[in-house]
Amino acid sequence: MHTTKLGLLITTSTLTICQQVAAAEAQVASTKPGTDFHYTWRSGVLPSSSGSANESDSPSATRLKSAVSEFDVAPLTVINAMDEALLRSPRAAAIRSTLGITQANYAYATVQRNSYFFFDRGLVAEAVRRIGPAMTWTPPWQTAFDFLVAKRQVDQSKLEILRDLWQLRSDTRRAYTDLVIAQETSKATANLVYLGQQTYTVAQRRFAAGAVPEFDVIKGKVILEQAELDQKLADQRVIKARQYLNLLLGRPPKQAIAVVNFAPSAPNTSRGRSYLLPDFEESLPDIDAFLTQARTYRWELMIVAQQMKVNRANLENAYATILPVPQLVLGGSTSGNQPTGPKLNATFFTVNAELPITNMQQGDIAKYRATTKQLNWQLGAVKNQVNIEVSAAYNDLLTYRERIKLYQNSLLADSEEAARLARRSYEVGHSDITGLIQAQQSNFQTQLQYLADVQSYQQAFVDLEKSVGRPLQ
């Protein structure tokens, strides 16, 4: 609905202004060095000014140029940013360090019950003294099953680490996109400030000539001040996005960082590409292809499958612990042989073993069997959720892909042309300043909406990539 109203506004402004400007176009171009602003938004590049020498040296133009290249550093591609986050980010280090905690289960599997000291003394009535160590023997099959459970748990931990690193990769791509969009918005806002200065200058010149009332000058100044306020907000957004990306990559917050612009410097290679705009030369595969990949590579599905293996190992271990663990007491025995003697010394041993009658691990066995059923249902639920996420992300990707294509094919250029004609019409006195301001604001809003759609496209792409579980570029 918003796009439809915006398109009607642009079309109406173009029709009314073109009739007024057509007759004066050639005369103005030959007698007055007016400024034309040529945008290349069809290829996704930011608007740039190509006016006279005085205009290009103006404060707004200088600020626009400095916004385009604030740091003289090599641009960081989104692929390199994600790789750096996985290697250097403190968050990635914290995620990887959890593996050592799970690997400690191997040490637990080798733990044997401690021996203890046994001493029995019947001094008067029996005149008996027994002393020696008490040892509990752990059968080797129980150790083997403990190792099997530990191995399954370590494998599950590895999958969970990969899942968390995959989430970090997605967050890095979002942060990179936010920085690119923030910088593009800042440059578009700087261009609006430049246009506002030009409008204010034209209004002052026409007021001095008595062609317009002072109202035009005041209104032009207000619009310029509003644009400058928007520029400050846009600049602060760039700083915030840059610092967030630096911190996410494990860098100092104020470290210089440059990102790749929309348009790729080498379309046929990966070097210098931003990977932010869709490649319309390549068709998007059918959703079934993504669903098939998701069922194979989605980390959550792998984790649930591994949880089933861990539960199966725990169930086998519960069966193995039904057999009792015997306890052996071995030592020396001394008896006074009352009432008359003689005193006797000998070696004794005692064996204690539980009888598996009342406790046959039936509680653990029932729990692990129930867990097996629950994990089977959970696997189906996760598959269903994966299908939902893939479907939602895929359709969003299609939607914003088509919107970006419409912007690049016609809407951006039409909006630019409407703003250019409105400015020329005001310069020659065929329209008032209100129409000019509306056309410029409409063009600016069109640019912002285009950037918002690019950001939404990237969000859908990240969601689809995350849902599938593997890189799509």
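As a basis for the values below, the full set of heavy atoms in this structure was taken, side chains included, without hydrogen atoms, waters or symmetry mates. Predicted model, so just to flag it, every value in this text is computed and none were measured.
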Checking side-chain polar atoms at under 3.5 Å, does Gln459 have a donor or acceptor matched by the opposite partner on Gln455?
no
Mind running side chain to side chain contact (heavy atoms under 4.5 Å, CB included) on Leu162 and Lys158 for me, showing each step along the way?
CA-CA 6 Å; Leu162 293 174; Lys158 291 179 180 179; 5.5 Å; no
Take Met308 and Leu379 through the test side chain to side chain contact (heavy atoms under 4.5 Å, CB included) and record every step on the way to the result.
CA-CA 9 Å; Met308 298 175 70; Leu379 182 62; 4.3 Å; yes
Under 3.5 Å: donor-acceptor pair, side chain of Ser89, backbone of Leu248:
yes
Tell me whether Gln458 contacts the main-chain N or O of Leu276 through its side chain, where contact means a donor paired with an acceptor under 3.5 Å.
yes
Hey, is Arg169 close enough to Glu465 for a salt bridge, meaning N to O under 4.0 Å?
yes
Do the non-hydrogen side-chain atoms of Leu233 and Leu229 ever get within less than 4.5 Å of each other?
no
Taking atom CZ of Phe444 as the centre, does the number of heavy atoms from other residues, nucleotides or ligands within less than 6.0 Å exceed 12?
yes
Taking every non-hydrogen atom, the tightest pair across Leu148 and Ala313:
CG-CB, 4.1 Å
Main-chain N/O of Met302 paired to Tyr297 side chain as donor or acceptor, under 3.5 Å
no
Taking the side chain as C-beta and beyond, is there a heavy-atom pair between Gln441 and Ile223 under 4.5 Å?
yes
Is the side chain of Ser170 donor-acceptor paired with the backbone N or O of Trp166 at a distance under 3.5 Å, no angle test?
yes
Could you verify whether a donor N or O on one side chain and an acceptor N or O on the other, from Asn80 and Thr77, lie under 3.5 Å apart?
yes
Would Arg152 and Phe147 count as a cation-pi pair here, with the cationic atom under 6.0 angstrom from the ring centre and within 45° of the axis?
no
About how many Å separate OG1 of Thr372 and CD of Gln307, when rounded to the nearest 0.5 Å?
11.5 Å
Over 12 non-hydrogen atoms of neighbours within 6.0 angstrom of OH in Tyr106:
yes
State, to 0.1 Å, how close Ala460 and Leu397 come at their nearest heavy-atom pair, and which atoms those are.
CB-N, 3.6 Å
Please confirm whether the backbone N or O of Val310 pairs with a side-chain atom of Asn314, one donor and one acceptor, at under 3.5 Å?
yes
If you round to the nearest 0.5 Å, how far is CZ of Phe461 from CZ of Arg401?
10.5 Å
Can any side-chain N or O of Ser415 pair as donor or acceptor with the backbone N or O of Leu412 at less than 3.5 Å?
no
Looking at side-chain heavy atoms only, is the closest gap between Tyr400 and Val454 below 4.5 Å?
no
Least distance between heavy atoms, Thr199 atom then Gln440 atom
OG1-NE2, 3.1 Å
Hey, what do you get for CG (Leu375) to CZ (Arg312), rounding to the nearest 0.5 Å?
10.0 Å
From CG (Leu195) to CG (Leu224), nearest 0.5 Å
10.5 Å
How far does CD of Gln293 sit from CZ of Arg470, to the nearest 0.5 angstrom?
5.0 Å
Close side-chain approach of Leu291 to Ile287, heavy-atom, < 4.5 Å
yes
Would you tell me whether Gln449 and Asp453 have side-chain atoms, one donor and one acceptor, within less than 3.5 Å of each other?
yes
CZ of Phe215 to CD1 of Ile218, rounded to nearest 0.5 Å, is 8.0 Å
In sequence, state the C-alpha distance, the side-chain angles, and the governing distance for Glu427 and Arg205, and then conclude on salt bridge (Lys or Arg N to Asp or Glu O under 4.0 Å).
CA-CA 10 Å; Glu427 287 179 348; Arg205 185 169 65 247; 5.3 Å; no
Gln197, Gln204, Gln198 screened by side-chain hydrogen bond (donor to acceptor under 3.5 Å, both in side chains) with Tyr200, the one that passes
Gln204
Report the C-alpha separation of Leu277 and Gln408 in whole Å, then their side-chain angles, then the decisive distance to 0.1 Å, and conclude whether the side chain to side chain contact (heavy atoms under 4.5 Å, CB included) test is met.
CA-CA 11 Å; Leu277 294 175; Gln408 293 183 4; 3.8 Å; yes
Salt bridge between Arg420 and Glu417, side-chain N to carboxylate O under 4.0 Å?
yes
Nearest non-hydrogen partners of Gln153 and Asn105, listed with the distance:
OE1-ND2, 2.6 Å
Going by the side chain to side chain contact (heavy atoms under 4.5 Å, CB included) test, name the single residue among Leu179, Leu249, Val260 that passes it with Leu76.
Leu249
Within-4.5 Å side-chain heavy-atom neighbours: Leu86 and Met82:
no
Decide yes or no for Tyr457 and Pro278: does some side-chain heavy atom of the first lie under 4.5 Å from some side-chain heavy atom of the second?
yes
I'd like to know whether Lys151 forms a salt bridge (Lys or Arg N to Asp or Glu O under 4.0 Å) with Asp155, so could you lay out the CA-CA distance, the side-chain angles of the two residues, the decisive distance to 0.1 Å, and finally the verdict.
CA-CA 6 Å; Lys151 183 180 184 304; Asp155 292 340; 3.3 Å; yes
Please check this pair: side chain of Asn311 against backbone of Tyr368, looking for a donor-acceptor N/O pair closer than 3.5 Å.
yes
Could you walk me through whether Arg174 and Asp463 pass salt bridge (Lys or Arg N to Asp or Glu O under 4.0 Å), step by step?
CA-CA 10 Å; Arg174 289 191 183 94; Asp463 291 341; 2.9 Å; yes
Main chain of Asn387, side chain of Ser391: is a donor-acceptor contact present, judged purely on distance under 3.5 Å?
no
Over all heavy atoms of both residues, which pair between Ser431 and Arg206 is shortest? Give the atoms and the distance, please.
O-NH1, 4.2 Å
Residues Asp230, Gln226; criterion side-chain hydrogen bond (donor to acceptor under 3.5 Å, both in side chains); working and verdict:
CA-CA 6 Å; Asp230 292 339; Gln226 289 177 347; over 6 Å; no
Just by distance, do the side chain of Thr446 and the backbone of Ser442 share a donor-acceptor pair under 3.5 Å?
yes
Note, Glu160 side chain near Ile303 side chain (heavy atom, < 4.5 Å)
yes
Look at Lys187 together with Glu184 and state whether they make a salt bridge at an N to O cut-off of under 4.0 Å.
yes
side-chain hydrogen bond (donor to acceptor under 3.5 Å, both in side chains), paired with Ser186, selected from Arg237, Gln236, Gln231:
Gln231
Mark yes or no for whether Asp432, through its side chain, and Gly435, through its backbone, hold a donor-acceptor pair below 3.5 Å.
yes
From CA spacing to verdict: salt bridge (Lys or Arg N to Asp or Glu O under 4.0 Å), Asp164, Arg91
CA-CA 10 Å; Asp164 295 339; Arg91 180 173 158 188; over 6 Å; no
Side chain to side chain contact (heavy atoms under 4.5 Å, CB included) for Leu247 and Arg251? Distances and angles first, verdict last.
CA-CA 5 Å; Leu247 293 172; Arg251 299 180 175 187; over 6 Å; no
I'd like to know if the side chain of Gln243 pairs up with that of Lys254 as donor and acceptor (distance under 3.5 Å, no hydrogens or angles considered).
no
I need the minimum non-hydrogen distance between Asp216 and Ile433, along with the two atoms involved.
O-CD1, 3.2 Å
